[in-house]
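Worksheet: one structure, shown below.
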Amino acid sequence: MEQKFDASLSYEAYEQKGYLNEDFHFFHIKSSESTDIPYHYHDFHKLILVLSGDAKYMIEGLEYELKPFDFVLVNRYYIHKPVWNLQKTDAEYDRMILYLKDEFLLKYDLLDCFKAAAEKKSSVVRFPGSISSKLYDAFRNIEADIKDQDKIYKGQLKIRIDLLNTLIGFNEACISEKNCFDTSARYNRKVIEIIDYIGENLSNDLSIDILADHFYMSKYHMMRLFKNETGYSIHRYISEKRILLARDLIGGGMPATSACLECGFRDYSSFSRAFKNQLGILPSDIKF
């Protein structure tokens, strides 16, 4: 049975669930009121085309002021929060969004743009007008395909083909346009250094005292600064990153007891409890 695509399914439901059961999902969202969305992450990648509105995005300690025809890349597991203020302008916050499953992008080798975003530590892409226009038309084609899928021959297949062509074009543009990644994000250098250090040392001791000593900071100032810039406590940030890494390792075939130690947990019972609290399943429930 072919998959039926629906562009109108609840965006908020996907935001709250944090997971995607299909290869991809498309949204075209227009917001006429400001909304407070908390910091969160997903187990899929997100590609956003901003069309209008006074908006910004906070992603892993970086704050981006967005402009029309900016593309926002949110890698899976990245902690992020969109903010838009519609009191300053009458314009709607208008954007097109693609949710993309990691396995789907791996299958077609289309992760280059997300890898580049991670390497360059930038999640916003700005292209010349000619490229942005072509990509905007490609997004509109996907939207039209979804709307007309029951009226055209092999409608679901056409959606997938046009989506893949869009992703190929976007990845190609990210590679060919050397200066397309925005470097003007506001950030606190010390917080970014802490985030990088945590990411590189998840298997090591990351106690508050050790982090404070490493960065020559008062631990109370460090904890307060980190929470202000990321929306997460340091303890919660480390715990969630470790659990997400453990899930990937177990899914790749590593025994749960080995993943427990590899991700910095010192006893299996606390690891299993944290895993269950965060993901709603036990490590032994992961299939590979």
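One-based numbering along the sequence shown. Reckoned from all heavy atoms, side chains included, excluding hydrogens, waters and symmetry mates.
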Quick check on the 6.0 Å ring-centre criterion: do [X] and [Y] meet it?
X: Y78; Y: H80; result: no
X: H214; Y: Y197; result: yes
X: F27; Y: H25; result: yes

Between [X] and [Y] (salt bridge meaning N to carboxylate O under 4.0 Å), is one present in this structure?
X: K107; Y: E103; value: no
X: R224; Y: E229; value: no
X: K147; Y: E143; value: no
X: E63; Y: K56; value: yes
X: D148; Y: K158; value: no
X: D213; Y: K219; value: no

For a quick check under 3.5 Å, do [X] and [Y] share a side-chain donor-acceptor pair by atom type?
X: K101; Y: H45; result: no
X: E60; Y: Y41; result: no
X: Y99; Y: R76; result: no

Could you grab the distance from atom [atom1] of [X] to atom [atom2] of [Y], nearest 0.5 Å is fine?
X: E92; Y: I29; atom1: CD; atom2: CD1; result: 11.5 Å
X: L47; Y: L135; atom1: CG; atom2: CG; result: 9.0 Å
X: Y39; Y: I79; atom1: OH; atom2: CD1; result: 9.5 Å
X: D205; Y: I210; atom1: CG; atom2: CD1; result: 3.5 Å
X: D285; Y: F275; atom1: CG; atom2: CZ; result: 8.5 Å
X: L105; Y: D112; atom1: CG; atom2: CG; result: 10.0 Å

Original post:
Can you check side-chain contact (heavy atoms from CB on, under 4.5 Å) on W84 and R95, steps first, answer last?
Top reply: CA-CA 12 Å; W84 58 91; R95 67 277 193 204; 3.6 Å; yes
Linking I/L/V/M/F/W/Y whenever any side-chain heavy atoms sit under 4.5 Å apart, do [X] and [Y] land together?
X: Y220; Y: L206; answer: yes
X: L106; Y: L167; answer: yes
X: F215; Y: I208; answer: yes
X: Y108; Y: I175; answer: no
X: L66; Y: Y187; answer: yes

**OP:** Could you check F104 against F24 for ring pair (Phe, Tyr, Trp, His ring centres under 6.0 Å), going step by step and ending with a plain yes or no?
**Re:** CA-CA 8 Å; F104 171 71; F24 59 89; 5.6 Å; yes
[X] versus [Y]: any side-chain heavy-atom pair under 4.5 Å?
X: L110; Y: I168; value: yes
X: K227; Y: I234; value: no
X: C263; Y: L202; value: no
X: V74; Y: Y57; value: yes
X: D23; Y: L100; value: no
X: L211; Y: S207; value: no
X: V72; Y: Y64; value: no
X: K67; Y: V50; value: no

Subject >> Derivation and outcome, ring pair (Phe, Tyr, Trp, His ring centres under 6.0 Å), residues F226 and Y237 >> reply: CA-CA 10 Å; F226 193 92; Y237 182 86; 5.3 Å; yes
Distance-minimising heavy-atom pair for [X] and [Y]:
X: L282; Y: S272; answer: CD2-OG, 3.5 Å
X: C180; Y: A173; answer: SG-O, 4.5 Å
X: I37; Y: K81; answer: O-NZ, 2.7 Å
X: A259; Y: L249; answer: CB-CB, 4.3 Å
X: A118; Y: N75; answer: CB-ND2, 4.1 Å

**OP:** Any side-chain hydrogen bond (donor to acceptor under 3.5 Å, both in side chains) involving residues 259-268? Give me the pairs, sequence neighbours left out, ordered by first then second residue.
**Re:** D267-S269, D267-S270
Subject >> salt bridge (Lys or Arg N to Asp or Glu O under 4.0 Å) partners of residues 126-136, not counting sequence neighbours, each pair once >> reply: D70-R126, R126-D182
**OP:** Run through L163, I97, D162, L98 and flag the one making a side-chain contact (heavy atoms from CB on, under 4.5 Å) with F139.
**Re:** L98
Subject >> Option among F181, F69, F170 that satisfies the ring-ring contact (aromatic ring centres under 6.0 Å, His included) test with F127 >> reply: F170
